[in-house]
Student: 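Input: one structure, supplied below.
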Amino acid sequence: MTADFDAIVVGSGMSGGWAAKELAERGLKTLVIERGRHIEHGADYTDFKAPWELPNLDAVPEREQVHYGGRALPASMAHFRIKEDEHPYSVAEGKPFRWFRGYHLGGRSLMWARQSYRMSEMDFEANKKDGYGNDWPIRYGDLAPWYDHVERFAGISGQAEGLPQLPDGQFQPPMELNCVEEVFRDRLHEAYPTRRLTIGRCAHLTQPTEEQQALGRGECQARSLCPRGCSYGAYFSSLSATLPAARKTGNLTVVTDEIGHSVVHDPATGKASGVRVVDAVTREHKVYTGRIVFLCASAIGSAQIMLNSRSEKFPTGIANSSDMLGRNLMDHVSGLGANGYLPGYADQYYKGRRPTGFYIPRFRNVTEDADFVRGYGFQGGASRGDWRRGGGQIGIGAELKQDLRTPGGWSVWLAGFGEMLPNPDNRVTLHPNKVDKWGIPLLHIDCAYGENDLKMARQANRDAVDMLKAAGFQGVRERGDEPHEPGRAIHEMGTVGMGRDPKTSVLNGFNQAHDVPNLFVTDGACMASTACQNPSLTYMAISARAAHHAAEFLKEGKI
Amino acid sequence: MSSSPSSGFSRRQLLSGSARLAGGLAVGGGLSACGSSEGKEPTDELAAKLAGLTTRDAVRRPGHFFSVAQFRLLERISDLIIPDTDTPGALAAGVPQVIDRMMVTWALAETQGEWLEGLAAIDTRARREHGMAFVGLEPAVQFDLLSRHDADALSNGDQNYRQIKSTIVEAYYSSEPGATKELRYDPVPGPYQGCVPFEEIGRTWAT
């Protein structure tokens with residue numbers, strides 16, 4: 001039987017774009033299935049609208065906020081947001097979880113904060129060392145060449161620091177720190193010699209390569225309008241980079257408005273034979289057949305598809321002989337940190353709107369001990385107050401206007417992101433009786449922080465306060481007593497974890513399902529631990545690596 | 001909402017009284033004075049009195065949220081908060097029009113009510129202190145009153161006033177004159193420069 005495609009990739013975001021590119025470049029006829037609508041790079045962006053061209057001061061009408069969880073939202077970014085009330089999910093009682101999605105071509109690669117950090121050897125060893133979670137079946141050395149590969153193509157700007165906990169990469173020139181950030185860095189290094197502040201490593205072109213220019217990508221213009229889409233293609237997204245590259249091979253087919261329903265399993269071959277989809281508009285079902293299947297539908301989305309892929313062989317979901325499918329849901333512990341201000345430096349300003357901040361790499365359980373395992377890093381930034389302060393400060397008239405001509409004082413923020421431990425009880429399941437409007441069972445999420453996560457959060461707040469105070473900042477305040485609910489960091493991971501043992505994990509070291517050799521999962525679902533770094537770069541590297549091996553296995557007739 | 005006066009007086013009684021009110025600003029022609037049985041345009045003061053500035057009953061303008069009186073009050077407040085100086089102010093930037101449009105296309109009833117209450121509080125203060133509507137006061141008196149109201153409201157955490165002020169400020173600095181003439185606006189700054197002497201930029205960045 002001939003298949004419709006050599007490879008089917010479900011999802012067009014960060015991971016799916018990479019899988020598609022690498023598979024198509026290896027000569028495989030590749031289908032990408034996107035559940036959301038088509039987005040045209042450039043034409044569907046709103047980044048050339050001036051503030052005065054945006055109605056209602058760019059606020060989504062209040063009556064429409066109900067679609068976005070009751071939140072205010074810039075209207076110029078609403079085109080990348082789902083109407084959440086149309087995509088419900090359920091959570092366990094008393095365990096809130098925020099599931100933030102991007103249902104459109106390019107997925108959350110159009111919405112991410114573009115922070116790009118490598119995981120390190122100590123991250124891949126952590127589960128084995130302290131016993132939480134499954135030992136990663138790969139080590140840093142397995143992924144390092146793939147980090148190189150994706151960084152060169154995606155374009156990551158950053159500063160090499162030589163830190164073992166945050167390996168350097170193939171960097172384009174770093175963006176600059178501003179004056180007060182430099183002051184903070186120097187004072188921090190003085191007060192804490194083993195802590196480091198470096199410019200945020202981000203997927204923005206500061207020196208585009210020929211390859212990037214050939215894809216129509218240009219240098220970052222420091223507009224900081226990224227969440228509207230970037231017509232310069234200066235930040236990495238599936239639409240600016242991987243999908244155009246895949247398209248150039250002539251091997252790519254993309255369908256949109258088709259929802260991944262389930263993976264079809266052929267008991268005769270023991271392999272996946274294709275993917276069942278539901279047309280988002282007509283609700284009709286159809287099956288695409290393929291020789292290999294890559295699930296890149298996001299951590300929770302890929303788990304949902306697998307759980308919904310029930311057959312006689314796999315009554316609880318495809319490749320779930322271990323009963324680990326859906327388990328070990330993680331996010332980063334977020335909502336941590338502190339704010340403060342620094343008097344003076346009134347004669348210093350900056351030009352442009354830098355689309356990244358600075359980063360303080362993890363020091364807990366690296367150079368400094370803690371009463372918990374793992375650790376956290378801090379993102380942050382310093383800036384001067386703008387005219388917005390005028391809305392809340394006393395004074396009107398010419399004097400107010402005159403005052404706002406000069407920027408306000410310098411303030412700084414630190415936001416900690418902590419490593420959440422894997423815990424099999426934190427899991428997603430299919431809702432027993434509720435379905436969405438396409439008849440697909442809703443996801444039920446049961447996830448809460450553990451003791452280690454909460455201990456870490458408290459220490460992160462203390463560390464943030466202490467660092468700002470030591471650097472002379474005033475009015476220093478913790479961001480909050482409690483971390484945000486899980487999901488809020490939008491770094492959800494786990495659920496289809498990699499591991500060495502088919503009895504305790506779903507995927508092997510090539511992201512191949514232990515039970516179904518031609519089924520691969522390469523998005524955040526595959527993560528055996530979260531580390532504390534922003535994970536997207538790792539998804540890219542893992543996807544590219546898995547695609548490479550999948551193509552080899554296919555060529556060798558192994559799958 | 002009803003379009004009849006909320007007070008016990010009939011519209012006719014109040015309108016006939018309007019002739020005796022001195023110093024009122026005449027409402028421009030072409031604006032609807034719905035229910036004006038005598039064919040006369042009411043003064044702002046009267047319109048304010050009619051509705052007590054807590055509902056939009058006074059004089060409605062098709063396609064707009066604020067009554068004529070309310071809009072005139074919003075214009076004065078916008079102008080007092082961000083006046084014309086060596087650069088255009090809130091009126092030249094069309095701030096009241098932007099806000100009126102927001103009330104129609106953006107705000108829910110609760111928010112609309114907060115705006116009306118916030119505006120009415122200013123007018124009520126004028127009536128208490130000076131026995132007349134805010135818009136009828138001399139500009140210097142208006143400035144003095146609004147300055148004190150501003151200080152009181154922001155010190156007391158008056159969210160209605162804060163919403164009014166911050167929206168006026170935002171609408172102004174997001175406008176073309178506010179962003180480009182009053183402040184510095186650079187849509188495509190090019191590579192970020194982290195340390196630039198303020199004097200080289202000269203003004204706050206608009207974005």
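Since we're looking at a predicted model, the values are computed, not measured. Below, chains carry the letters A, B, ... as their sequence lines are ordered, and counting in each starts from 1.
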Student: Closer than 4.0 angstrom, basic N to acidic O: yes or no for B:Glu182 and A:Arg405?
Tutor: yes
Student: Any idea which of A:Ile394, A:Leu400, A:Thr406 has the most non-hydrogen atom pairs under 4.5 angstrom with chain B?
Tutor: A:Ile394
Student: Among A:Glu182, A:Glu181, A:Glu176, exactly one meets side chain to side chain contact (heavy atoms under 4.5 Å, CB included) together with B:Cys195. Which residue is that?
Tutor: A:Glu182
Student: Which one, B:Ile168, B:Asp79, B:Leu80, leads in non-hydrogen pairs under 4.5 Å with chain A?
Tutor: B:Leu80
Student: Roughly how far, to the nearest 0.5 Å, is CD of A:Gln402 from CG of B:Asp86?
Tutor: 7.5 Å
Student: If you take all heavy atoms of B:Trp106 and A:Ala59, which pair is closest and at what distance?
Tutor: NE1-CB, 3.4 Å
Student: Tell me, side chain or backbone of A:Glu64 under 4.5 Å from chain B's heavy atoms, or both, or neither?
Tutor: neither
Student: Please list, in residue-number order, every residue in residues 345-352 of chain A that has a heavy atom less than 4.5 Å from any heavy atom of chain B; write 'none' if there are none.
Tutor: A:Ala346, A:Asp347, A:Gln348, A:Tyr349, A:Tyr350, A:Lys351, A:Gly352
Student: Quick one: CZ on B:Arg101 to CG on A:Leu57, what's the gap to the nearest 0.5 Å?
Tutor: 13.0 Å
Student: Is it the case that the side chain of B:Thr204 and the backbone of A:Leu404 share a donor-acceptor pair, with hydrogens and angles ignored and the cut-off at 3.5 Å?
Tutor: yes
Student: To the nearest 0.5 Å, what is the distance between OG1 on B:Thr167 and CG on A:Asn56?
Tutor: 11.0 Å
Student: What part of B:Pro187 lies closer than 4.5 angstrom to a heavy atom of chain A: side chain, backbone, both or neither?
Tutor: backbone
Student: Given that the side chain runs from C-beta out, which part of A:Val180 has a heavy atom under 4.5 Å from chain B: side chain, backbone, both or neither?
Tutor: neither
Student: Relative to chain A, which segment of B:Ile201 carries a heavy atom at a distance below 4.5 Å: side chain, backbone, both, or neither?
Tutor: side chain
Student: How long is the gap from OG1 on B:Thr87 to NZ on A:Lys401, to the nearest 0.5 Å?
Tutor: 3.0 Å
Student: Between B:Val98 and chain A, which part of the residue has a heavy atom less than 4.5 Å away: side chain, backbone, both or neither?
Tutor: side chain
Student: Side chain, backbone, both or neither: which part of B:Leu146 has a heavy atom under 4.5 Å from chain A?
Tutor: both
Student: Under a 4.5 Å cutoff for heavy-atom pairs, which residue among A:Cys179, A:Pro355, A:Gly385, A:Ala50 has the most contacts with chain B?
Tutor: A:Cys179
Student: Any chance you could measure B:Lys165, atom NZ, to A:Gln393, atom CD, to the nearest 0.5 Å?
Tutor: 6.5 Å
Student: Using non-hydrogen atoms and a 4.5 Å limit, figure out which bit of B:Phe143 sits close to chain A: side chain, backbone, both or neither.
Tutor: both
Student: Just give me the residue among A:Ala75, A:Pro61, A:Cys220 that pairs up with chain B most often, heavy atom to heavy atom, under 4.5 Å.
Tutor: A:Pro61
Student: Would you say the side chain of A:Glu219 lies within less than 4.5 Å of the side chain of B:Pro191, judging by non-hydrogen atoms?
Tutor: yes
Student: Closer than 3.5 angstrom, by distance alone: can the side chain of B:Trp205 be matched with the main-chain N or O of A:Asp386 as a donor-acceptor pair?
Tutor: no
Student: Specify the closest pair of heavy atoms between A:Ala398 and B:Thr85, including all atoms of both residues, with the distance to one decimal.
Tutor: CB-CG2, 3.8 Å
Student: Answer with side chain, backbone, both or neither: which region of B:Thr180 has an atom nearer than 4.5 Å to a non-hydrogen atom of chain A?
Tutor: side chain
Student: Please flag which part of B:Asp84 lies under 4.5 Å from any non-hydrogen atom of chain A: side chain, backbone, both or neither.
Tutor: backbone
Student: Out of curiosity, A:Arg223 CZ to B:Thr207 OG1, how far, rounded to the nearest 0.5 Å?
Tutor: 10.5 Å
